[in-house]
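Here is the structure we will look at.
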Amino acid sequence: MPEKPYNHEEIELKWSASWDAQPGLYQAADDGAKPRYYVLEMLPYPSGRLHMGHVRNYSIGDTLARYQWMRGFDVLHPMGWDAFGLPAENAAIKNKRHPGEWTRSNIAHMKVQLRRLGFAYDWAREVSTCEPEYYRWNQWLFLRMMEKGLAYRKISLVNWCPECATVLANEQVENGCCWRHETTPVEQRELVQWFLRITAYAEELLNDMQQIEAGWPSMVLTMQRNWIGRSEGAEIDFGLCGSDEKLRVFTTRVDTIYGATCVILAPEHPVSKQFCTGDLAVRLKAMVDDQSRKDPENLVKDGFFTGHYAVNPYNGEEVPVWVANFVLWGYGTGAIMAVPAHDERDFEFCTKYGIAIVPVIRPVDGVLAVSPTEPFTEYGVVENSGEWSGLASSEARKQMAARAKAEGFGEASITYRLKDWGVSRQRYWGTPIPVIHCDTCGVVPVPDDQLPVVLPADVELTGKGKSPLASHESFVNTTCPKCGAAARRETDTMDTFVDSSWYFFRYVDPQNESLPFDPARVAPWFPVDQYIGGVTHAIMHLLYSRFWSKVMRDIGLVSVDEPFKNLFTQGMVQLNGQTMSKSKGNIVDPDEMVVKYGADTCRLFTLFAAPPEKNMDWNESSVEGQYRFVTRIFKWVTRNADATDGSGENDARALRKLHQTIAKITSDFDNRWHFNTSIAALMELLNELQACEAGMSPAVRQECAGKLTLLLAPFAPFVAEELWATMGHAGPVFKQGWPVCDPELAREESLEIPVQINGKVRGRVNVPNGSTKEEQEQAARADDKIQSLIAGKEIVKVIVVPGKLVNIVVKG
RNA sequence: GCCGGAGUGGCGAAAUCGGUAGACGCAGCAGACUCAAAAUCUGCCGAGGUACACCUUGUGUGGGUUCAAGUCCCACCUCCGGCACCA
């Protein structure tokens, strides 16, 4: 067969149409006949167009999915849409289009893009979170959480983004600003809000990390561990002078309590308000409202004495009660005991205001400081602390907390940085929270058989004022399911992170109308074998998903503790070292790439440019290199596929490289996913085959053409399918068996090994593969050049690493 | 400040277990083909030297361990990510 020219457009459009016409092509059999493999990529927000980050994420996942098909697994590879969210509302306001219409047309376009790129998704399992068929189960699950006390309402200070006109979860606040509006400071507002009790699972979220330690990047686990922020300590009640009330503080260093020289309250603490009257009330108000507290980096410690005193329960000493801007209301009890001798912050504060500094801990091998110039914050030996003096810090912590418990003025306690997940959003385009407010019955859950609470379509969006649903009368006005009286619907919607916290379960049973999914169908697919997405979701999405899975397990829907066995976080796609973004105007459009070079080239380039976990820079001229590679491989295979001539003197050489390449790529897949080196190995193979071509027999040409096509298939599905069909084989190519390396054929007959003298390479000798140490040493010594270099010198020793090198150590 | 990760040619990178540093590709240079160009093919391509099948030097900096260090240890510098008054 003469070589064919490579026409990417013709080939890709042809196979694209063919694959689209076979809806069952990428479906999992789900019958247990083959071992199952679940490849999951984070579902996109339907913003309108795919960006290069999507292309990279999905190229990695698709390559893995196709490889696992070829390895004989029953692969589940679904895709869906994280379709609720604020951008749809904003776009609707701007363009006077309904958010649903905007979202659905975006989905339609992006789906075309995904298909054009050749990603092998089972579209029969497509999930779109803005459809009532999906979000009714958000509501159903929310009601189950209410029943278990895991969803609750409370008044609290919450993060409010004025730009979004809604509340944000703690996880959605970055540097005091909204995660979507990086320059908009988040305000604190006191509102009644719905919360999910993620803190009830704090301990489990920490402990179960050992189940996924092997399969998750340690950085993500560390970030989650820090976010949860478990801290062991004690809560201690200080008496208030002239009152029966107590003031509770949290400390991790109760062993230092004899050094406490004041108690400090957060400005928001109720006792602060109680103690501050007259002028102090004005100072307090100013401190509460002070926006600069949002920026902890530049916050200057500031505080004032309330005029009140508290009593240290251990030694009866009276200490002044202060209010200070650096004490956080949201952590611990919102009040601390200040031990300036043993805490950096307390030292800074007390030095500034001339509060006494009393050292009570000495270094294990040192003496107690007299008038310290800096705090000693490490563990040591307790001194000047009554009966506890002489104890080691760690021991004193335990014993002193036990005493507090025994005498009723405190107890050992564990505090978390993690707070409950605020899920209320005062926006339209989200899942309505399924409760009804009745004047007589209070908060009443919507009964299951009335789900879903459907978002009304006819809503006026202005972006101003309160939640759009609140002014929709026919939505708001309803009757109480309990007493039948007139009542009002809840008008807040759920955080969209609820939607993405369990969608991966729904994929397994996406049409289920009586449950979120059938537990029996879901069980065999979990945990997900491989989850792939950006590290930006390390805390929010991944922590919420872990939490939600545990709740579903406790409801009896799921049998695993952890949803994702293996997590892979891919790097960002950048242009000239900068993140691509609309505001910077440096977006590379995948569509243009596909038109110009084809999907195969686009995919190969994203995989070749860098290992998948690293950030990669988009460089158009490098893309052309991939196009050249695809063209060369296409031409080589088409002109050799049914070759009839050739001597065969290069057969062994060609087959050796072929089988070495099979081993290399298989190992890349199984061990580390460095597809850049896999593709480099394919290039090396092609270079070698071109060099050998004239001397290859027809049978070996065909053999190499076929295997090369199979090795290429996970990376460049279109051209591989075309070549496979050209060779007259039945497809699809990604369901063929993955080539197996024959170690005999891959084996090198002789090896060139370097000969070093004193660790410097001085020559190279050829030895038969499998030579003994002695044979290698002999070959090295026999080399003319080596002989002349060691002549007359004393050989101290000779190190031989079989197949690797010979190092002769000489003296003189 | 604390916790991670990284630093290798002009560029993206490779070296997976301490054993030939720079595979593979991009860009560049030279040549072949061509009236010419593009495409394609061949060769060269870290730096310095040179007798060009050779020598010296070289993986952020400075030390160390080792027959041997990009890789291990100590100290430091720079960049990226996360956390950051969490008591």
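Chain letters run A, B, ... following the sequence lines, proteins first, then strands; residues in each count from 1. In this text the structure is predicted, and so the values were computed from the model without any measurement.
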Take A:Phe715 and A:Phe669 through the ring pair (Phe, Tyr, Trp, His ring centres under 6.0 Å) test and state the conclusion after the steps. CA-CA 12 Å; A:Phe715 306 98; A:Phe669 268 112; 5.6 Å; yes

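- Rounding to the nearest 0.5 Å places OG1 of A:Thr415 at 12.0 Å from CG of A:Leu418.
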Scoring nucleotides 3-19 of chain B by protein non-hydrogen atoms under 4.0 Å (B base, S sugar-phosphate only, - none) yields SS-------BSSSB--B

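- In this structure B:rU65 sits in no base pair that meets the Watson-Crick or G-U test at under 3.5 Å.
- The residue A:Asn687 sits close only to the backbone: its heavy atoms come under 4.0 Å of sugar-phosphate atoms, none of a base.
- Of the residues in residues 326-334 of chain A, A:Phe326, A:Val327, A:Leu328, A:Tyr331 come within less than 4.0 Å of RNA chain B through at least one heavy atom, sorted by number.
- Rounded to whole Å, the separation between the P atoms of B:rC41 and B:rC17 comes to 35 Å.
- Note that the CG atom of A:Asn325 and the CG atom of A:Leu299 stand 4.5 Å from one another [nearest 0.5 Å].
- Rounded to whole Å, the distance from OH on A:Tyr416 to P on B:rA87 is 13 Å.
- Between the C1' atom of B:rG1 and the CG atom of A:Asp343 lies a distance of 14 Å, rounded to the nearest Å.
- Note on A:Glu752: a base of the nucleic acid sits closer than 4.0 angstrom, heavy atoms only.
- Taking the six-membered ring where the residue is Trp, A:Tyr314 and A:Tyr258 present tilted rings, their angle falling between 30° and 60°.
- Here B:rC76 sits opposite B:rG60 as a Watson-Crick or G-U wobble pair (both hydrogen-bonding atom distances under 3.5 Å).
- Taken from CZ in A:Arg656 to CG in A:Asn650, the straight-line distance is 10.0 Å, to the nearest 0.5 Å.
- Taking atom P in both B:rC2 and B:rA68, one finds a spacing of 35 Å when rounded to whole Å.
- Note on ring orientation: taking the six-membered ring where Trp is involved, the planes of A:Trp673 and A:Phe675 are parallel (angle under 30°, cut-offs 30° and 60°).
- Taking the ring centre of A:Phe326 as origin, the terminal cationic atom of A:Lys301 falls inside the region bounded by 6.0 Å and 45° from the ring axis.
- Nucleotide B:rC2 has B:rG82 as its partner under the Watson-Crick or G-U criteria, with both atom distances under 3.5 Å.
- Ionic pairing of A:Lys596 and A:Glu624 is not present here: no N-O contact between side-chain nitrogen and carboxylate oxygen is shorter than 4.0 angstrom.
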Would you list the protein and nucleotides 63-65 of chain B atom pairs, both N or O, that sit under 3.5 Å from each other?
none

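- Distance noted for atom C1' between B:rA13 and B:rC24: 8 Å (whole Å).
- Base orientation of B:rC35: anti (glycosidic angle beyond 90° from 0).
- One distance of note links CG of A:Leu751 with CG of A:Asn769; it measures 4.0 Å at 0.5 Å rounding.
- Two residues, A:Ile679 and A:Met223, neighbour RNA chain B, and the one matched to the more 5' nucleotide by heavy-atom proximity is A:Ile679.
- In this structure B:rA27 sits in no base pair that meets the Watson-Crick or G-U test at under 3.5 Å.
- Residues satisfying the salt bridge (Lys or Arg N to Asp or Glu O under 4.0 Å) criterion with A:Asp668, sequence neighbours excluded, are A:Lys664, A:Arg672.
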Atom pairs under 3.5 Å, N or O on each side, protein against nucleotides 37-43 of chain B: can you list them with distances?
none

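- Of the P atoms belonging to B:rA32 and B:rG22, the separation is 30 Å, rounded to the nearest Å.
- When the C1' atom of B:rC24 is taken as reference, atom CD of A:Gln626 falls 10 Å away, rounded to whole Å.
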Write down the protein N/O and nucleotide N/O pairs, taken from nucleotides 49-60 of chain B, whose separation is under 3.5 Å; answer none if there are no such pairs.
{"from": "B:rC55", "atom 1": "OP1", "to": "A:Lys785", "atom 2": "NZ", "distance (Å)": "3.3"}
{"from": "B:rU56", "atom 1": "OP1", "to": "A:Arg762", "atom 2": "NH2", "distance (Å)": "3.1"}
{"from": "B:rU56", "atom 1": "OP2", "to": "A:Arg762", "atom 2": "NH1", "distance (Å)": "3.4"}
{"from": "B:rU57", "atom 1": "OP2", "to": "A:Lys760", "atom 2": "NZ", "distance (Å)": "3.1"}

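- The ring of A:Phe497 has its center no closer than 6.0 angstrom to the ring center of A:Trp421.
- Nucleotides B:rU71 and B:rG64 have their P atoms positioned 15 Å apart, rounded to a whole Å.
- Pair check for B:rA51 finds none; no Watson-Crick or G-U wobble contact set falls under 3.5 Å.
- Ring geometry for A:Tyr6 against A:Phe634 counts as tilted: the plane angle lies between 30° and 60°, on a 0 to 90° scale.
- The existence of a salt bridge linking A:Lys635 and A:Glu693 is excluded, since no basic side-chain nitrogen approaches an acidic carboxylate oxygen closer than 4.0 Å.
- The C1' atoms of B:rU20 and B:rC67 are separated by 16 Å, rounded to the nearest whole Å.
- Annotation: B:rG31 and B:rC11 have their P atoms spaced 26 Å apart (nearest Å).
- Rounding to the nearest 0.5 Å places CZ of A:Arg397 at 10.0 Å from OG1 of A:Thr256.
- Anti is the conformation of B:rG64, whose glycosidic angle sits further than 90° from 0.
- Heavy-atom contacts from other residues, nucleotides or ligands closer than 6.0 Å to CG of A:Asp784 number 12 or fewer.
- Counting to the nearest Å, the P atom of B:rA84 and the CD1 atom of A:Ile228 are 14 Å from each other.
- A:Pro217 pairs in a side chain to side chain contact (heavy atoms under 4.5 Å, CB included) with only one of the listed residues (A:Val535, A:Leu567, A:Thr222), which is A:Leu567.
- You'll find the side chain of A:Arg225 reaches within 4.5 Å of the side chain of A:Leu206, heavy atoms only.
- Distance, A:Leu604 CG to B:rC26 P: 13 Å, rounded to whole Å.
- Annotation: side chain of A:Ile198 is in contact with side chain of A:Leu205 (closest heavy-atom distance under 4.5 Å).
- Across every strand in view, B:rU34 sits unpaired, with no contact that passes the Watson-Crick or G-U test at under 3.5 angstrom.
- Of the candidate nucleotides B:rC24, B:rA87, B:rU20, B:rA87 has the atom lying nearest to any side-chain atom of A:Phe250.
- Nucleotide B:rA21 forms no Watson-Crick or G-U wobble pair with any nucleotide shown, as no partner meets the under 3.5 Å limit on both distances.
- Rounded to whole Å, the separation between the C1' atoms of B:rU59 and B:rA21 comes to 7 Å.
- The side chain of A:Arg417 places an N or O atom within less than 4.0 Å of a non-bridging phosphate oxygen (OP1 or OP2) of B:rA84.
- Between A:Leu221 atom CG and B:rG82 atom P there is a gap of 17 Å when expressed in whole angstrom units.
- Rounded to whole Å, atom C1' of B:rG82 lies 12 Å from atom CE of A:Met540.
- Formation of a donor-acceptor pair under 3.5 Å by the A:His342 side chain with backbone atoms of A:Val360 is found in this model.
- Glycosidic conformation of B:rC52 is syn; the angle stays within 90° of 0.
- The distance between atom CG of A:Leu686 and atom C1' of B:rG25, rounded to the nearest whole Å, is 13 Å.
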